2 protein chains.
Amino acid sequence: MAVHIRFDLNEQLFIKDPAESDLGRRIIEHSILLFNKLGYEKFTFKKLAIEINSTEASVYRYFENKHHLLLYLVSWYYEWINYLIYANLINVTEPKKRMQVIIQNIVEASIQNPLIDYVNESLLHKIVVAEGTKAYHSIDVDEENKYGYFRSYKTLVKFIADEIGKYKPDFSYPKSLASNMIEMANNQGYFADHLPALTDVKKGEKCNRQLVKMINYFVFKILE
Amino acid sequence: MAVHIRFDLNEQLFIKDPAESDLGRRIIEHSILLFNKLGYEKFTFKKLAIEINSTEASVYRYFENKHHLLLYLVSWYYEWINYLIYANLINVTEPKKRMQVIIQNIVEASIQNPLIDYVNESLLHKIVVAEGTKAYHSIDVDEENKYGYFRSYKTLVKFIADEIGKYKPDFSYPKSLASNMIEMANNQGYFADHLPALTDVKKGEKCNRQLVKMINYFVFKILE
DNA sequence: TTCAAATAATAGTAATACTTTTAAAAAAAA
DNA sequence: TTTTTTTTAAAAGTATTACTATTATTTGAA
């Protein structure tokens with residue numbers, strides 16, 4: 001059975017919906033590959049166009065610029081996490097267990113079943129870890145926030161904050177803990193890979209398991 | 001009495017030491033102003049050169065490119081925090097009180113006495129909060145780490161981790177808690193200003209006080 | 001089949017991120 | 001003080017980036 005999902009991303013993130021055409025889907029697919037290969041700074045629409053045997057001008061018909069493309073990918077990622085968490089929480093009622101499922105999904109999203117053929121979720125996760133903060137660390141953050149460009153991330157934070165509220169109703173910092181859980185998962189994973197002096201998590205296959213364990217430890221200490 | 005301090009930054013961060021010439025100091029002073037005004041992406045050496053009545057080529061004699069300039073500024077900032085913490089911990093012996101001083105300094109660094117006339121520490125703090133993660137979120141992070149470009153940040157994390165070790169010797173995650181304290185202070189402050197849905201800290205004059213209180217709460221809950 | 005939309009191909013512009021050369025000015029050494 | 005070296009300013013130049021515009025061709029829906 002194939003499950004068909006279409007995330008409702010903010011329509012101002014793109015000029016023409018990339019999910020709706022073959023070229024659009026190739027843009028998404030190969031931008032994920034190329035962002036991973038080159039990093040955000042060295043990625044250009046020209047190079048992407050060459051990869052997909054198309055032209056710069058055609059790519060520009062889908063996205064205003066590479067910043068918008070990054071915003072699209074990051075939003076897609078958080079929509080996907082929202083979906084995964086939602087799906088994995090069905091039938092889980094105990095608040096503590098629900099928090100554990102959330103942490104698991106934030107960290108290990110990449111090893112879940114891929115959902116959409118043209119999106120390599122594992123590589124997308126790497127992009128979010130390595131480049132994700134660039135989406136909102138921009139001089140135009142306030143204006144972009146007005147346009148709702150960060151809605152998917154905010155939705156996830158709100159959801160987690162509400163779960164924290166269920167677990168401990170009198171807790172004073174649900175939103176901060178929620179956003180810090182996500183940021184910490186991303187950061188500490190990145191540090192394990194690239195700046196090991198900044199983390200106790202060791203690089204390798206069990207990296208994610210350590211991360212899950214650590215974030216669980218932190219979160220339940222704070223909430224106890 | 002004037003106190004003269006000269007931070008020993010990694011010499012590979014610059015081509016020619018900006019602290020040692022008038023033009024160099026003007027480059028630092030105005031790059032802090034211009035990064036604040038334009039943000040990292042729109043900042044260029046050309047625009048900086050115009051501000052300081054010099055030329056692009058002259059700026060290039062000090063820094064390889066704007067990424068290195070950002071690395072220099074971020075390193076300078078963390079050297080400064082290291083210094084402030086060191087100075088404010090003299091005569092503080094109780095481990096808990098020492099942790100509190102550290103948290104205070106991470107968050108409120110900007111309101112301490114300015115140290116060097118050509119560095120606006122308050123604006124520099126804003127740059128670190130808004131653009132600091134771009135220093136190490138780069139495709140060249142591994143190579144740059146080998147060159148020791150992140151030494152100042154790592155020194156600070158190591159210092160805090162050691163203090164955590166003094167406070168609670170059997171704690172499993174001293175480095176992760178230390179780096180998360182810094183990242184959290186920066187992030188949550190940025191969110192309060194720009195993405196309030198992601199934090200419980202309210203914007204305004206008491207923002208830093210709330211931040212200090214919250215981070216104290218988190219840290220001592222985790223370490224209790 | 002026709003008509004509209006999407007794409008490819010091509011070209012072009014302004015700005016960016018540099019490098020190079022030369023000359024003038026300033027600092028250091030003799 | 002003069003000479004030498006270093007630093008800076010001025011000017012010009014290049015490759016790449018980040019776009020925009022135009023036109024021809026292809027594709028897909030009515």
Side-chain angles (χ1 to χ4, degrees), chain A residues 11-31 34-35 37-73 118 131 134-135 138-140 143-144 149, chain B residues 11-31 34-35 37-73 118 131 134-135 138-140 143-144 149:
Chain A
E11 299 212 345
Q12 286 176 266
L13 288 174
F14 48 77
I15 293 166
K16 181 169 160 24
D17 190 347
E20 294 202 330
S21 72
D22 183 62
L23 181 63
R25 290 185 290 268
R26 262 157 58 221
I27 288 172
I28 300 306
E29 182 180 359
H30 288 272
S31 66
L34 207 57
F35 269 129
K37 192 174 164 191
L38 303 177
Y40 181 75
E41 283 70 26
K42 287 171 187 154
F43 175 101
T44 68
F45 277 7
K46 176 99 214 194
K47 291 170 186 168
L48 175 62
I50 292 166
E51 290 283 316
I52 59 175
N53 294 310
S54 181
T55 63
E56 226 182 332
S58 296
V59 179
Y60 274 105
R61 299 194 72 257
Y62 286 83
F63 292 99
E64 215 175 305
N65 50 46
K66 77 168 165 175
H67 181 237
H68 278 73
L69 175 52
L70 178 69
L71 282 167
Y72 179 93
L73 293 176
Y118 62 91
E131 322 278 9
K134 292 171 192 169
S138 133
I139 197 83
D140 301 318
E143 207 184 346
E144 290 180 354
Y149 287 180
Chain B
E11 300 211 345
Q12 287 176 267
L13 289 175
F14 48 78
I15 294 166
K16 181 169 159 25
D17 190 346
E20 293 202 331
S21 72
D22 183 60
L23 181 64
R25 289 185 290 269
R26 264 157 56 219
I27 287 172
I28 300 307
E29 182 180 358
H30 289 272
S31 67
L34 206 57
F35 268 129
K37 191 174 164 191
L38 303 178
Y40 181 75
E41 282 71 26
K42 286 172 188 154
F43 174 101
T44 68
F45 277 7
K46 176 100 214 192
K47 291 170 186 168
L48 175 62
I50 291 167
E51 291 282 315
I52 59 176
N53 293 311
S54 181
T55 63
E56 225 181 332
S58 296
V59 178
Y60 274 107
R61 298 195 73 257
Y62 285 83
F63 293 99
E64 216 175 305
N65 50 47
K66 75 169 166 176
H67 181 237
H68 279 72
L69 175 51
L70 179 69
L71 281 168
Y72 179 93
L73 293 176
Y118 61 91
E131 322 278 8
K134 292 171 192 169
S138 132
I139 197 82
D140 302 317
E143 208 184 344
E144 291 179 354
Y149 287 179

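Remember, predicted model here, so these are calculated numbers, not experimental data. In the text below, chain A, chain B and the rest are named by the order of the sequence lines, each starting its count at 1.
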Euclidean distance, atom [atom1] of residue [X] to atom [atom2] of [N] [Å, nearest integer]:
{"X": "Leu23(A)", "N": "dA8(C)", "atom1": "CG", "atom2": "C1'", "value": "10 Å"}
{"X": "Ile15(B)", "N": "dC18(C)", "atom1": "CD1", "atom2": "C1'", "value": "11 Å"}
{"X": "Leu69(B)", "N": "dA17(C)", "atom1": "CG", "atom2": "P", "value": "12 Å"}
{"X": "Phe63(B)", "N": "dA17(C)", "atom1": "CZ", "atom2": "C1'", "value": "17 Å"}
{"X": "Ile50(B)", "N": "dA9(D)", "atom1": "CD1", "atom2": "C1'", "value": "14 Å"}
{"X": "Arg61(B)", "N": "dT21(C)", "atom1": "CZ", "atom2": "C1'", "value": "14 Å"}

Summary of salt bridge (Lys or Arg N to Asp or Glu O under 4.0 Å) pairs that have at least one residue in residues 45-71 of chain B, sequence neighbours excluded:
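Qualifying pairs, neighbours excluded: none.
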
Taking only residues two or more places apart in sequence or in another chain, which ones pass side chain to side chain donor-acceptor pair (under 3.5 Å) with [X]?
{"X": "Thr55(B)", "result": "Ser58(B)"}
{"X": "Tyr72(B)", "result": "none"}
{"X": "Asp22(A)", "result": "Arg26(A)"}

Using a cut-off of less than 4.0 Å, is there contact between a side-chain N or O of [X] and OP1 or OP2 of [N]?
{"X": "Tyr62(A)", "N": "dA6(C)", "value": "no"}
{"X": "Ser54(A)", "N": "dT7(C)", "value": "no"}
{"X": "Thr55(A)", "N": "dA9(C)", "value": "no"}
{"X": "Ser21(A)", "N": "dA6(C)", "value": "no"}

Could you check whether Glu41(B) pairs with Lys134(A) (Lys NZ or Arg NE/NH1/NH2 to Asp/Glu carboxylate O, under 4.0 Å)?
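Result for this pair is no, no salt bridge flagged.
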
Estimated bend of the helix from dT1(C)-dA30(D) to dA30(C)-dT1(D) (axis per five terminal pairs, rounded to 10 degrees):
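Answer for the end axes of this duplex: 20°.
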
Reading nucleotides 13-30 of chain D from 5' to 3' and marking B where a protein heavy atom lies under 4.0 Å of the base, S where only the sugar-phosphate is that close, and - otherwise, the string is ----SBBBB---------

Hey, are His68(A) and Tyr149(A) close enough side-chain-wise for a donor-acceptor pair under 3.5 Å?
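The answer is yes; a qualifying pair exists.
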
